[in-house]
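Everything on this sheet refers to the single structure shown next.
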Amino acid sequence: MRPHFAFWPSRVPHRITLPATSLWHNLAVSALRYPQKTALAFFGRRTSYAALAEQAERLAAFLVACGVRRGDRVIVDMQNCPQLIVAHFAILRADAVIVPVNPMNRAEELKHYIADADARVALTTADLAGELARASDALPAGTGLAHLIVTHFTDAFDAGTDGADAPPAVWHDWLLTRHAPPPLAGGQVHAWTDALACTGTLPPPAAGPDDLALLPYTSGTTGLPKGCMHTHGTVMANAVAGHHWGAASADNVALVAIPMFHITGMVSVMHASIFGGATLVLMPRWDRDLAGRLIAAWKVTHWTNIPTMVIDLLASPRVAEYDLSGLTYIGGGGAAMPQAVAARLQAQYGLRYCEGYGLTETAAPSHANPLDAPKQQCLGIPYIGTDARVVDPDTLEEVAPGTPGEIVIRGPQVFHGYWKQPEATARAFVDIDGQRFFRSGDIGRMDEDGYFFMTDRLKRMINASGFKVWPAEVETLMFAHPAIQEACVIGTRDAYRGESVKAVVVLRPGHEATTPESIVAWCREHMAVYKAPRSVQIVAALPKSGSGKVMWRALQEAEAPAG
């Protein structure tokens with residue numbers, strides 16, 4: 001018996017029996033149970049469960065008409081909006097596989113997702129369509145996108161919205177502008193409204209728990225991002241577990257402020273809420289005062305976030321105007337919640353912030369803090385049905401409580417391996433006591449109560465406001481700069497973001513006039529803004545080992561990053 005069971009939430013089972021159905025059925029069942037209930041709220045427009053399911057079925061029929069078949073990969077590149085959820089469930093209804101893409105990615109990055117996933121169809125918003133088209137056009141003929149389905153934000157809300165649901169004025173140009181569709185070499189561009197008007201018939205859904213459903217990409221210490229193979233069953237495990245863990249019901253109202261292209265927003269918020277028939281109040285981007293208005297107006301009960309969002313909301317001069325009394329759950333991950341902020345939440349609002357821990361490979365949570373017994377700056381206890389241990393990274397022997405070691409995880413939510421990467425998959429798993437455990441690459445410790453705490457990382461990774469930045473990927477992108485001969489990316493302290501990205505570079509001969517500022521600007525044009533270095537240091541040479549490898553750790557230790 002593990003010690004954490006003494007703190008297990010009351011009325012929550014240690015293990016759960018999962019539905020033997022696909023993720024699509026979660027929406028279909030909620031639409032049957034609660035047809036007129038609001039599923040999605042977006043700037044004044046409400047979408048019922050019946051309407052959401054109908055839109056997803058019409059879009060699925062269009063995808064099938066475009067040639068999408070069972071197991072095909074389809075890209076979704078969007079900020080939070082109703083269309084993202086419709087697209088997500090339409091792909092599942094077509095028995096295909098979702099490839100979620102961070103909308104901050106630029107064309108150079110997007111090429112890899114299209115090519116590696118062998119995706120021929122993508123769905124996106126008009127403000128991002130040009131980047132996807134440029135990425136596709138840059139690929140060899142016949143390997144890019146054949147179909148690009150483009151929506152405008154105004155396809156899902158009314159421009160005249162006012163009151164608590166009104167978007168911030170600074171968003172108006174971004175939200176209201178209707179961009180012309182880009183050309184797509186060797187392919188077709190379709191309007192979202194035309195796709196939803198499809199009257200084609202659909203075969204019955206055929207995918208089951210063991211079929212591939214989701215292919216989110218994660219980077220690592222070397223090379224380009226790798227696709228994590230999640231089945232309907234692995235995602236279902238955390239969707240259902242999240243519903244039970246939060247003592248949820250169909251009367252939940254969840255604020256969706258974290259991005260649903262990310263595994264946490266997708267599984268712990270979207271899928272868990274749809275499974276339970278809850279209402280999702282959507283924010284396409286973070287804005288503290290909009291969040292405050294929405295929490296108050298919708299009597300939001302559940303808010304999963306990253307700590308910087310809470311810090312920002314509480315720092316608003318208008319925070320006292322917002323009625324937060326409806327909140328019964330507030331928590332998240334990606335970074336530790338400062339003790340002082342957690343104390344203010346409890347003293348002022350009676351809320352105990354519940355931190356959690358998970359990875360793309362574990363479909364979000366592998367650990368969570370019990371709602372009634374959370375500890376601060378703590379990853380939590382192993383999730384429903386999960387066996388997590390702290391082991392010696394070399395011997396794989398379990399270490400004593402309080403002793404740092406590598407966190408390894410076994411559970412129904414663990415992915416099936418990396419797409420097209422059998423060697424990387426083999427390295428990611430180990431056999432312990434005859435069971436297959438995933439190696440997280442994170443160093444932590446377990447206390448006497450069975451709660452886990454983060455200590456360090458085995459993997460080379462930067463955590464910027466909850467976004468994982470893998471230096472090797474950033475370096476690979478930077479080598480395309482004509483003036484850069486060598487680059488080493490490290491993390492720096494950042495009071496707000498936790499860590500920020502810094503690049504130490506050596507210039508090519510003849511490019512001595514290149515400035516750090518110009519390199520930063522170039523990076524922001526060629527990669528997602530959260531990955532782009534915020535500072536650049538130009539040096540004559542990088543420190544190297546006797547074998548010629550760049551000694552990134554020496555630069556990192558000299559910088560003394562957060563964590």
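The residues of the chain are indexed from 1 along the displayed sequence.
At distances below 3.5 Å, at least one donor-acceptor pair connects side-chain atoms of D165 with backbone N or O atoms of G44. T161 contributes a side-chain N or O that, together with a main-chain N or O of D158, makes up a donor-acceptor pair within less than 3.5 Å. Using modelled atom types, no side-chain atom of S136 and backbone atom of L132 make a donor-acceptor pair closer than 3.5 Å. In this structure a side-chain-to-backbone donor-acceptor pair under 3.5 Å is present from Q556 to G491. In terms of modelled atom types and a separation under 3.5 Å, the side chain of N238 and the main chain of S268 share no donor-acceptor contact. When atom types are taken as modelled, the side chain of T124 and the backbone of V150 share no donor-acceptor pair closer than 3.5 angstrom. The main-chain N or O of L313 is never found under 3.5 Å from a side-chain atom of S316 such that the two would form a donor-acceptor pair. R73 places no side-chain N or O within donor-acceptor distance of the main-chain N or O of I98, the cut-off being under 3.5 Å. Of the possible polar contacts, none joining the R293 side chain to the R288 backbone as a donor-acceptor pair under 3.5 Å is found. With hydrogens and angles disregarded, a donor-acceptor distance shorter than 3.5 Å links the side chain of T177 to the backbone of D173.
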Check against salt bridge (charged side-chain N to carboxylate O under 4.0 Å, His left out), D155 and R45: CA-CA 11 Å; D155 291 337; R45 185 180 296 185; over 6 Å; no
Audit row: M283, L255, side chain to side chain contact (heavy atoms under 4.5 Å, CB included) steps and yes/no: CA-CA 8 Å; M283 291 180 62; L255 179 67; 4.0 Å; yes
Test log, rule side chain to side chain contact (heavy atoms under 4.5 Å, CB included), inputs V310 and W303: CA-CA 10 Å; V310 180; W303 181 23; 4.2 Å; yes
Chi angles and distances behind the side chain to side chain contact (heavy atoms under 4.5 Å, CB included) call for Q537, L555: CA-CA 11 Å; Q537 179 184 357; L555 291 171; over 6 Å; no
Side chain to side chain contact (heavy atoms under 4.5 Å, CB included) between D72 and R120, worked out: CA-CA 9 Å; D72 286 354; R120 303 305 309 279; over 6 Å; no
Criterion side-chain hydrogen bond (donor to acceptor under 3.5 Å, both in side chains) on D287 and W171, from CA distance to verdict: CA-CA 10 Å; D287 179 275; W171 287 5; 5.0 Å; no
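In this structure, the separation between CD1 on I114 and CG on D116 is 11.5 Å, given to the nearest 0.5 Å.
Among residues at least two apart or in separate chains, salt bridge (Lys or Arg N to Asp or Glu O under 4.0 Å) pairs with a member in residues 98-115 are R106-E131, E108-K111, E109-K531.
When the ring pair (Phe, Tyr, Trp, His ring centres under 6.0 Å) test is applied to H262, no partner is found at least two apart in sequence or on another chain. Partners of H88 according to the ring pair (Phe, Tyr, Trp, His ring centres under 6.0 Å) rule, which considers only residues two or more places apart in sequence or in another chain, are H271.
The aromatic rings of Y217 and Y113 stand perpendicular to each other, their planes meeting at an angle above 60°, with 30° marking the opposite boundary. Between F415 and Y418, the angle of the ring planes goes over 60°, which puts this pair in the perpendicular group of the 30/60° scheme. Aromatic ring orientation, F157 versus F42: perpendicular (interplanar angle above 60°, classes split at 30° and 60°).
Of all heavy-atom pairs spanning V267 and A239, the tightest one is CG1-N, 4.0 Å. Of all heavy-atom pairs between A115 and L139, the closest is CB-CD2, 4.2 Å. Smallest separation of non-hydrogen atoms from S22 and M236: O-CE, 3.6 Å. Shown here for M104 and F467, the closest heavy-atom pair between the two residues is CE-CZ, 3.7 Å. Contact between A206 and D95 at its shortest, heavy atoms only, is N-OD2, 3.0 Å. Across all their heavy atoms, Q413 and T362 have their closest contact at CG-O, 3.1 Å.
Within 6.0 Å of CZ on R70 lie more than 12 heavy atoms contributed by other residues, nucleotides or ligands. Counted within 6.0 Å of CD on E512, heavy atoms from surrounding residues, nucleotides or ligands total more than 12; the atom is thus considered enclosed.
Between M260 and I85, the closest side-chain pair of non-hydrogen atoms falls below 4.5 Å. Taking 4.5 Å as the limit, every side-chain heavy atom of S30 sits out of range of all side-chain heavy atoms of N26.
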